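Data block below; observations after.
Just so you know, ligand 1 is whichever comes first in the structure, and atom 1 is the first atom listed for that ligand. Small disclaimer: the values here were computed from a predicted structure and weren't measured. All values below come from the heavy atoms of this structure, side chains included, with hydrogens, waters and symmetry mates left out.
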Amino acid sequence: MKNFKGVASLIVAGWLGASALPVAAVELSSANIETALQSAYSKYKVLKEGANADYIPALAKVDSNLFGIALVTVDGKVYSVGDIKSEVSIQSISKVFTMTLVMDESGVESIANNMGVDATGQVFNSIVAIEQYKGAEMNALVNPGAIAATSMVKGDNYDGIWNRILDKYSDFAGRKLTVLEDVYQSEAATNQRNRAIAALMSAYGHIKTDPVRATDIYTRQCSVGVNAKDLAQMAATLANAGKNPLSGKQVMNADNVPETLAVMATAGLYDDSGKWLYKTGLPAKSGVGGGIIAVAPGKFGIAVISPPLDAAGNSVRAQKAIADVSNALGGNPYQVSAQ
Ligand code: GLU
């Protein structure tokens, strides 16, 4: 269907004497976006695969039927379907935005130099991955690298660091975000493994401040509440060279966006990052709260919230819905028309 549409668009572009017009530019109309969202929503609403994460007890209690899709274009148009009001915890999606903060504060290479920009081939909270390269040669989207990134955020004390993180996320989302306290309490009481990871990263010299404090701030950042529209706006800001398309604010250094997207493409969907990129071409990030964001650079950001996860830890419905919508809209940056 995607190919048929692409061919049809090319023919139309040819008739108009504009054969060099990219296929996607023709397809990214309001009508096509609305149709793509509605069709993915109806198709996957009935899908009942996967299960909520339960290693953080509060996540097991979230309504598994929650399902919302939002898409924000780089020119600031918002489209949505389903439940876009309910908040889930941002979880690992937060790692992207803390990473951008560190890049902006300390230089883009600070991330590559401290924890690396390579996929680990291990689960997101792997201790083996730390041991393999002594805490380097990994990335800021798995827990060891992410807690290390949080430890690099500038600030005089806990509150100073925390406020910089929350303000940054809020700028990306275009509204003041807050912490879901029950999720924070639940994870703080059960995050022994992350505390061990932070201790090991500290032992290898990748966390230079107090690792206990870094883990606690990291746990708090994972508990920030977001709805599908917040997440889509955050993704759209990345799609728009770091400028929030709705607020107009330059939220991060535009020069650091390509590196950010590269890390997302490499390691955004846990062990299935390769499969995801193969299918969609989109830099993306998932979280165990059930959200996934994906970025079609220069076009749109899309987000889906649906808590049931597959074995790799990625929302089942979110992956399918984003792949369908993006493919229908020509979102894959690797798919271009011949000149
Ligand atoms: N707060 C979660 C953890 O550290 C985030 C995991 C995730 O979303 O991948 O385990």
Side-chain angles (χ1 to χ4, degrees), residues 50-62 87-99 115 119-130 138-151 162 165-166 169 177 179-201 207 211-226 230-231 234-235 263-264 266-273 276 284-294 303-316 318-319:
N52 284 28
D54 58 5
Y55 77 99
I56 300 170
L59 299 187
K61 298 191 198 131
V62 177
E87 291 184 355
V88 296
S89 50
I90 189 168
Q91 295 299 338
S92 270
I93 300 169
S94 68
K95 294 166 177 170
V96 171
F97 301 97
T98 297
M99 176 174 74
M115 66 288 285
T120 64
Q122 303 284 346
V123 293
F124 68 94
N125 56 4
S126 170
I127 284 174
V128 171
I130 305 175
M138 47 170 66
N139 63 77
L141 302 184
V142 290
N143 288 15
I147 300 171
T150 300
S151 80
W162 169 244
I165 291 173
L166 188 62
Y169 295 4
L177 300 175
V179 167
L180 301 176
E181 271 304 321
D182 59 325
V183 177
Y184 167 70
Q185 297 295 344
S186 179
E187 184 165 353
T190 54
N191 67 351
Q192 292 82 358
R193 189 178 180 91
N194 283 342
R195 283 180 250 162
I197 285 172
L200 207 46
M201 289 298 276
I207 292 181
V212 174
R213 184 179 75 177
T215 309
D216 192 55
I217 298 176
Y218 163 81
T219 305
R220 194 173 282 282
Q221 81 177 41
C222 288
S223 310
V224 168
V226 281
D230 295 328
L231 288 177
M234 295 172 97
V263 180
M264 291 170 73
T266 310
L269 262 73
Y270 309 114
D271 286 356
D272 281 351
S273 299
W276 170 261
K285 184 72 198 91
S286 59
V288 292
I292 299 185
I293 61 169
V304 174
I305 286 176
S306 170
L309 312 177
D310 65 13
N314 299 309
S315 166
V316 178
Q319 289 175 84

Practice problem: Assess the side chains of Asn52 and Lys61: does a donor N or O sit below 3.5 Å from an acceptor N or O? | Solution: no
Self-check item: Per-atom contacts, ligand 1 versus Phe124 - under 4.0 Å to a heavy atom
Solution: 6 (C), 9 (O), 10 (O)
Exercise. For Asn194 and ligand 1, answer yes if some heavy atom of the residue is under 4.0 Å from a ligand atom, otherwise no.
Key: yes
Self-check item: Backbone or side-chain N or O of Val288 under 3.5 Å from ligand 1 N or O
Solution: yes
Exercise. Using a 4.0 Å heavy-atom cut-off, say whether Cys222 meets ligand 1 through its side chain, its backbone, both or neither.
Key: side chain
Quiz item: Between the side chain of Ser126 and the main-chain N/O of Gln122, is any donor-acceptor distance below 3.5 Å?
Solution: no
Quiz item: Purely on distance, is any nitrogen or oxygen of Gln91 under 3.5 Å from one on ligand 1?
Solution: yes
Practice problem: Record the part of Asn143 in heavy-atom contact with ligand 1 below 4.0 Å; permitted values are side chain, backbone, both and neither. | Solution: side chain
Quiz item: Think Lys285 forms a cation-pi with Tyr270, using NZ or CZ under 6.0 Å from the six-ring centre and within 45 degrees of its axis?
Solution: yes
Exercise. Could you check if a side-chain atom of Val316 sits within less than 4.5 angstrom of a side-chain atom of Leu309, using non-hydrogen atoms only?
Key: no
Exercise. Give a yes-or-no answer on whether the side chains of Gln319 and Asp272 include a donor-acceptor pair shorter than 3.5 Å.
Key: no
Quiz item: Nearest protein heavy-atom contact for atom 10 (O) of ligand 1: which residue, which atom, what distance?
Solution: Tyr55 OH, 2.5 Å
